[in-house]
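Data first, discussion second: the structure below is written as structure tokens.
Just so you know, residue 1 is the first one in the sequence shown, and it goes up from there.
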Amino acid sequence: GTYTSQRYSLLNQVNTPNVKNLQLKWVLRPPPPPAERKLEDTPLVVNGVLYATSLTSVVALDAATGRQYWKLERPLNPNDYPGQRVYKVNKGVAIAGNTLFWTTGWSDHLLAIDASTGRVKWEVAIADWRKGYVINMVPMVVKNEVIVGPATDDRGANCFLAAYDIHTGKEIWRTYTTPISADDPAAKTWGGDTWKHGGDSIWNDGSYDPETNLVFWGTGN
């Protein structure tokens, strides 16, 4: 419930004496392959509603019973993305007010979704999938911005972080995680011209420090 990123919950309803009493209440299973291979997201629960994602869908469920309220599907047709090597996972959604934010990892789009109905409010393209960009991170909401960044499917596309207005989807800023020009002093810290294909993918969530108004991200590849 905070930005502290300690991976530790202050909730105390489940504790050492009663954890042995936990029981399975319901199960959600994704459609069979090749549509949705597996679930690798962290579900988001707000006011008794659970939001879960797979590669091709977002679903809203009653957290207590598993009853489905709505489901938004974006089927993946490999023929529409020739040559794209899609990582068949999605890490989850973010929320601000009554709006969810979800990324489509194969087409590199960011969607704002009405949390009550599943209706898409706006949608923007973040990157060009033809260059090898894929997205599976959870968006981060900070004030009026939703921040996302792509990974790469090993083609060497240089990655970045970008912030979008939560109300309109307009891009507010973008910063690359590798040099994008030989004039950048940082390019000289890379051997030869490897800076051109450094990648520096955004794979996982970042952290935000409200006191300094800074976000922090680790990169991969």
Side-chain angles (χ1 to χ4, degrees), residues 3 36 39-44 46 49 51-60 70-77 80-81 84-153 155 157-178 180 199-208 215-220:
Y3 284 109
E36 305 181 32
L39 298 177
E40 201 170 296
D41 72 313
T42 299
L44 182 67
V46 181
V49 180
Y51 304 97
T53 67
S54 67
L55 174 67
T56 59
S57 66
V58 182
V59 63
W70 56 258
K71 185 176 185 180
L72 173 65
E73 295 183 287
R74 285 295 179 88
L76 170 61
N77 183 350
D80 293 336
Y81 305 94
Q84 174 70 306
R85 184 160 72 89
V86 178
Y87 297 99
K88 298 185 181 299
V89 297
N90 183 273
K91 301 296 180 62
V93 292
I95 192 168
N98 197 47
T99 303
L100 298 171
F101 300 96
W102 179 54
T103 58
T104 58
W106 63 96
S107 62
D108 300 331
H109 282 204
L110 171 65
L111 281 66
I113 304 167
D114 187 305
S116 299
T117 65
R119 177 182 63 85
V120 177
K121 295 182 175 181
W122 54 257
E123 179 174 351
V124 295
I126 298 170
D128 185 353
W129 64 268
R130 297 172 185 82
K131 296 180 180 179
Y133 289 114
V134 294
I135 303 175
N136 58 28
M137 61 161 287
V138 181
M140 174 188 283
V141 174
V142 176
K143 300 178 182 177
N144 70 321
E145 302 176 1
V146 53
I147 305 172
V148 295
T152 172
D153 67 357
R155 296 188 201 177
N158 285 345
C159 296
F160 57 86
L161 284 168
Y164 299 85
D165 185 288
I166 62 173
H167 302 294
T168 66
K170 180 181 179 181
E171 185 174 305
I172 299 173
W173 56 258
R174 176 176 296 212
T175 183
Y176 280 81
T177 55
T178 57
I180 58 173
D200 263 3
S201 297
I202 306 297
W203 284 104
N204 293 315
D205 304 346
S207 296
Y208 171 65
V215 290
F216 301 86
W217 250 275
T219 61

Q) Is there any side-chain hydrogen bond (donor to acceptor under 3.5 Å, both in side chains) pair reaching into residues 131-143, and which pairs are they, with sequence neighbours excluded? A) K143-N213
With [X], which residues qualify under side chain to side chain donor-acceptor pair (under 3.5 Å), at least two apart?
{"X": "N204", "result": "K91"}
{"X": "Q84", "result": "none"}
{"X": "S207", "result": "S5"}
{"X": "D108", "result": "none"}

Measure across [X] and [Y] and return the closest heavy-atom pair with its distance rounded to 0.1 Å.
{"X": "A163", "Y": "E145", "value": "CB-OE1, 3.5 Å"}
{"X": "P139", "Y": "V148", "value": "CB-CG1, 3.6 Å"}
{"X": "T152", "Y": "A157", "value": "OG1-N, 3.6 Å"}

Close side-chain approach of [X] to [Y], heavy-atom, < 4.5 Å:
{"X": "L55", "Y": "V89", "value": "no"}
{"X": "T104", "Y": "L111", "value": "yes"}
{"X": "K121", "Y": "F101", "value": "no"}
{"X": "W70", "Y": "V58", "value": "yes"}

Mind checking the [atom1]-[atom2] spacing from [X] to [Y]? Nearest 0.5 Å is all I need.
{"X": "S57", "Y": "L76", "atom1": "OG", "atom2": "CG", "value": "12.0 Å"}
{"X": "I147", "Y": "Y164", "atom1": "CD1", "atom2": "OH", "value": "11.0 Å"}
{"X": "N77", "Y": "T56", "atom1": "CG", "atom2": "OG1", "value": "12.0 Å"}
{"X": "I135", "Y": "I126", "atom1": "CD1", "atom2": "CD1", "value": "3.5 Å"}
{"X": "L161", "Y": "M140", "atom1": "CG", "atom2": "CE", "value": "9.5 Å"}
{"X": "D41", "Y": "L39", "atom1": "CG", "atom2": "CG", "value": "6.0 Å"}

Q) Short question: side chain of W122, backbone of I166 - any donor-acceptor pair under 3.5 Å? A) yes
Q) Is N90 reaching over with its side chain to a backbone N or O of T103, donor-acceptor style, under 3.5 angstrom? A) yes
Q | Residue list, ring-ring contact (aromatic ring centres under 6.0 Å, His included) with Y51, at least two apart or on another chain | A | none
Q | W102: partners by ring-ring contact (aromatic ring centres under 6.0 Å, His included), with sequence neighbours left out | A | none
What residues, two or more places apart in sequence or in another chain, satisfy side-chain contact (heavy atoms from CB on, under 4.5 Å) together with [X]?
{"X": "D205", "result": "V138"}
{"X": "N98", "result": "D114, A115, S116"}
{"X": "A151", "result": "V134, S201, W203"}
{"X": "T177", "result": "C159, D200, I202, T219"}

Q.
Applying salt bridge (charged side-chain N to carboxylate O under 4.0 Å, His left out) as the test, list every pair that has at least one member in residues 163-172; sequence neighbours left out.
A. E171-R174
